[in-house]
Every structure is written in structure tokens, then in C-alpha cells.
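Taking it in order: structure first as C-alpha cells, then the write-up.
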Amino acid sequence: MAQPHAITQALWTVVGEGAIGLLSAARLHLAGYRVQLHRRNPGIFNFAFQSAAHSQQLSLPSQIQLPYSYILLPVKAYAVLDAIKQLFPLLADNAQLVLSHNGMGTIEQILPLLKPEQGLWFLSTSHGAFKPEDATVIHSGVGQSVLGALNQAAFAQQTAVEQAMQAALGPLVVLEDIWPALWQKLAVNAVINPLTALHQCKNGELSNSKYTAAIELLIEEFVLVAKASAQDFSIEAIQSRVAQVTRQTADNYSSMQQDFAKGRRSELDYITGFLLKQAEQHQLQLPAHQAIYQLLLQKSPR
Ligand code: PAF
């Protein structure tokens with residue numbers, strides 16, 4: 001996709017070497033953007049990028065140019081705050097930061113830390129990517145993304161950020177208010193992820209009638225706490241969204257199932273844990289989410 005000269009000249013810094021990070025970096029690079037990676041080890045990073053349309057070897061530099069003006073931060077929710085604290089001295093006074101992860105709770109942590117001209121965005125994506133090894137990323141599922149600005153400073157560079165994110169993880173829908181989309185994604189993650197992690201099964205297994213009652217309870221409680229947090233959803237709307245994602249990703253293992261299977265830290269605190277914190281603030285009880293949280297906490301790596 002051809003991009004206007006001035007915008008493709010912007011240098012994007014992609015933080016981390018996760019699958020979505022490398023996928024975005026590769027797609028930005030192939031669309032003509034200047035891209036560098038922020039990694040622990042500086043130098044050139046060589047990796048293979050495979051998708052239905054492309055299979056090629058890419059070489060991207062790390063940390064060649066400071067300060068960072070445009071930053072995409074697709075790191076797990078629990079790693080966002082530390083990553084941002086580490087990045088702070090490297091950020092331009094008018095830097096634009098794009099967060100992208102499962103779960104919620106980071107936006108509230110980051111917004112108060114930013115300078116008045118630093119913009120914050122959130123991008124939620126359904127693109128699927130995985131790394132069979134450290135230096136290979138495979139674009140396994142073509143998806144789409146939603147993007148929303150989270151503070152006033154973000155609007156100052158709206159076109160530049162939107163065009164780049166279109167190239168990185170489009171097709172993209174830019175939302176005036178991204179919060180309902182984040183809550184809806186949270187609903188899906190708060191049902192599919194903990195259940196598949198607990199039962200160590202593929203997403204599609206949740207269509208089995210033995211899970212119906214548990215799913216119903218989790219959804220009813222979600223709708224209750226979302227409403228108290230000013231997000232109105234009907235039980236039916238969430239049920240049909242969860243059923244749709246379960247069908248569409250039937251053959252996949254959820255990210256949380258994989259984290260538990262591999263003994264890695266999971267996003268439980270930013271998915272179920274986030275819901276429980278919201279419930280506490282509104283003096284609500286969520287017994288089904290509480291029970292699954294406790295069970296998974298016992299199985300979590302210390
Ligand atoms: O976390 C995940 O794995 C995904 O967000 C989802 C939608 C549950 C599909 O597996």
C-alpha cells in the first residue's frame with residue numbers, strides 16, 4: 001500500500017519481540033515505513049516473516065535513533081508498566097504510544113505518567129501470529145483491529161498514527177470511544193481464557209454442553225459488573241459474541257491455556273482479576289469469576 005512520503009518517513013519503534021510485535025514491524029517495513037525494534041540486545045535483528053502472501057527474511061535495526069516518537073508496545077498487560085518506565089527517558093516530549101494486549105487495567109496505570117503532549121492509544125487486534133522459534137514469525141490468522149485515542153494529546157498526530165496502524169495491523173476501524181470494544185473483548189477473554197486454561201482444552205471444546213452452565217454464569221456476572229462500570233451489554237449479545245469467537249477459533253489454544261501449559265505467567269490478573277477489582281469498587285460479588293480465579297491462582301507459577 002503506497003503511503004504519503006511524510007508519513008512513511010516517520011520512524012516507528014516496536015517494543016519487544018513478541019509475535020504481534022514482529023508481525024507489525026514486518027508489515028510496517030513492507031509498507032515502506034522506517035522501523036526499529038526496542039530489544040534487550042541492540043544490533044541488527046534478522047528474522048523470517050511468513051504469511052500467505054510473503055515469505056522472506058527481514059533485517060531490522062534496534063535502537064538506532066532517539067528519542068522515540070512513535071512507539072507500538074504490543075507486550076503482555078503485566079509487562080506494560082515496567083516497559084513504559086524503562087522507555088520514559090527515551091521518549092520524545094510529544095511521543096505517541098500505542099498499547100496492544102489482552103485484558104484491561106494498564107491505561108489507568110499509564111495515563112497519569114505521561115507528559116502533556118504525549119499521546120496514548122489502544123489497539124485491539126484479532127490477527128493471529130506465532131513464533132515457532134525466536135527468529136521466525138508466522139502470520140497464522142488474518143484478522144482486523146480497532147484503534148482508539150485515549151487522551152487529548154493523541155489527536156495532535158491522529159493521521160500519522162492511524163495510517164501506520166492500518167499498515168501494521170489493518171484492516172483498521174478507528175473508534176471515537178474504544179472503551180465498549182475493550183470491554184467486549186474482555187468479556188470474551190474472561191470466559192474463554194480461564195476455562196480453557198483450567199480444563200487445558202482447545203477453544204472449540206467450550207461448545208460442549210458440559211460447559212454451558214459455567215459460561216452462562218460467567219457472562220451474567222460480567223454483564224453485571226460492566227453495567228456498574230457504565231458499559232451496558234445484554235447477556236444475549238455477549239453470549240453470541242463468545243459463541244462466535246469459540247467457533248471461529250475452535251482449533252486454537254487460547255493464550256492463557258498456552259501460558260499455563262508452559263508454566264509461564266498469564267494475564268489472569270488483567271482479565272479475571274480486573275473484573276474482580278471493578279466488582280469490589282462497586283460492592284458486587286462475582287462468585288463464578290472468583291472461583292475460577294482462585295483455582296487458577298493455585299496453578300499459577302510463583
Ligand atoms: O487470548 C486469546 O487466545 C484470544 O484473545 C482469544 C480470542 C480468546 C482466542 O483464543
Side-chain angles (χ1 to χ4, degrees), residues 16 18-24 73-80 98-107 122-132 137-148 169 171-173 178-208 211-212 214-216 218-219 222 226 233 237-275 288-289 292-293 296 299-300:
I20 293 292
L22 290 186
L23 170 70
S24 311
L73 205 107
V75 304
K76 296 269 193 182
Y78 57 76
V80 168
V98 184
L99 305 180
S100 183
H101 57 73
N102 272 341
M104 287 175 71
T106 58
I107 295 169
F122 199 100
L123 180 144
S124 176
T125 189
S126 62
H127 278 283
F130 71 98
K131 288 171 46 182
V137 63
I138 298 180
H139 190 189
S140 49
V142 177
Q144 55 200 12
S145 305
V146 293
L147 176 75
L169 292 162
L172 186 74
V173 174
I178 197 169
W179 290 99
L182 297 186
W183 275 88
Q184 196 198 53
K185 179 84 189 327
L186 184 70
V188 170
N189 287 135
V191 174
I192 296 181
N193 295 27
L195 283 173
T196 53
L198 189 64
H199 299 285
Q200 284 299 299
C201 61
K202 286 186 172 178
N203 294 353
E205 179 75 11
L206 300 182
S207 307
N208 190 309
Y211 296 110
T212 307
I215 292 174
E216 267 176 27
L218 291 171
I219 291 177
F222 170 85
F233 294 102
I238 300 296
Q239 272 171 341
S240 91
R241 181 69 192 143
V242 169
Q244 185 191 32
V245 176
T246 305
R247 266 196 318 275
Q248 284 170 347
T249 63
D251 258 345
N252 297 2
Y253 287 105
S254 77
S255 51
M256 198 180 283
Q257 183 284 338
Q258 294 179 54
D259 288 338
F260 275 84
K262 294 182 180 145
R264 295 188 301 229
R265 185 170 174 187
S266 79
E267 295 175 301
L268 183 66
D269 278 332
Y270 288 81
I271 296 176
T272 310
F274 175 83
L275 281 182
H289 288 279
I292 205 160
Y293 182 78
L296 287 173
K299 291 176 185 267
S300 297

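Indexing begins at 1, ligand by ligand and atom by atom, following the structure's order.
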- Note on the structure: Sorted by chain and residue number, the residues with a non-hydrogen atom under 4.0 Å of ligand 1 are N102, K185, N189, I192, N193, N203, V245, S254, S255
- Could you state the interatomic distance from NZ (K202) to OG (S254), rounded to the nearest 0.5 Å? 12.5 Å
- Check whether any side-chain N or O of Q239 sits under 3.5 Å from a backbone N or O of I219 as a donor-acceptor pair, and report yes or no. no
- Donor-acceptor under 3.5 Å (S140 side chain, G128 main chain): yes
Per-pair distances, 0.1 Å, donor-acceptor, side chain in residues 180-190, under 3.5 Å, sequence neighbours excluded:
| residue | atom | partner | partner atom | Å |
| --- | --- | --- | --- | --- |
| K185 | NZ | N102 | OD1 | 2.6 |
| N189 | ND2 | N193 | OD1 | 3.4 |

- Query: For F122, what residues pass the ring pair (Phe, Tyr, Trp, His ring centres under 6.0 Å) criterion, not counting sequence neighbours?
  - Reply: H101
- ring pair (Phe, Tyr, Trp, His ring centres under 6.0 Å) against Y211, all qualifying residues, sequence neighbours excluded: H199
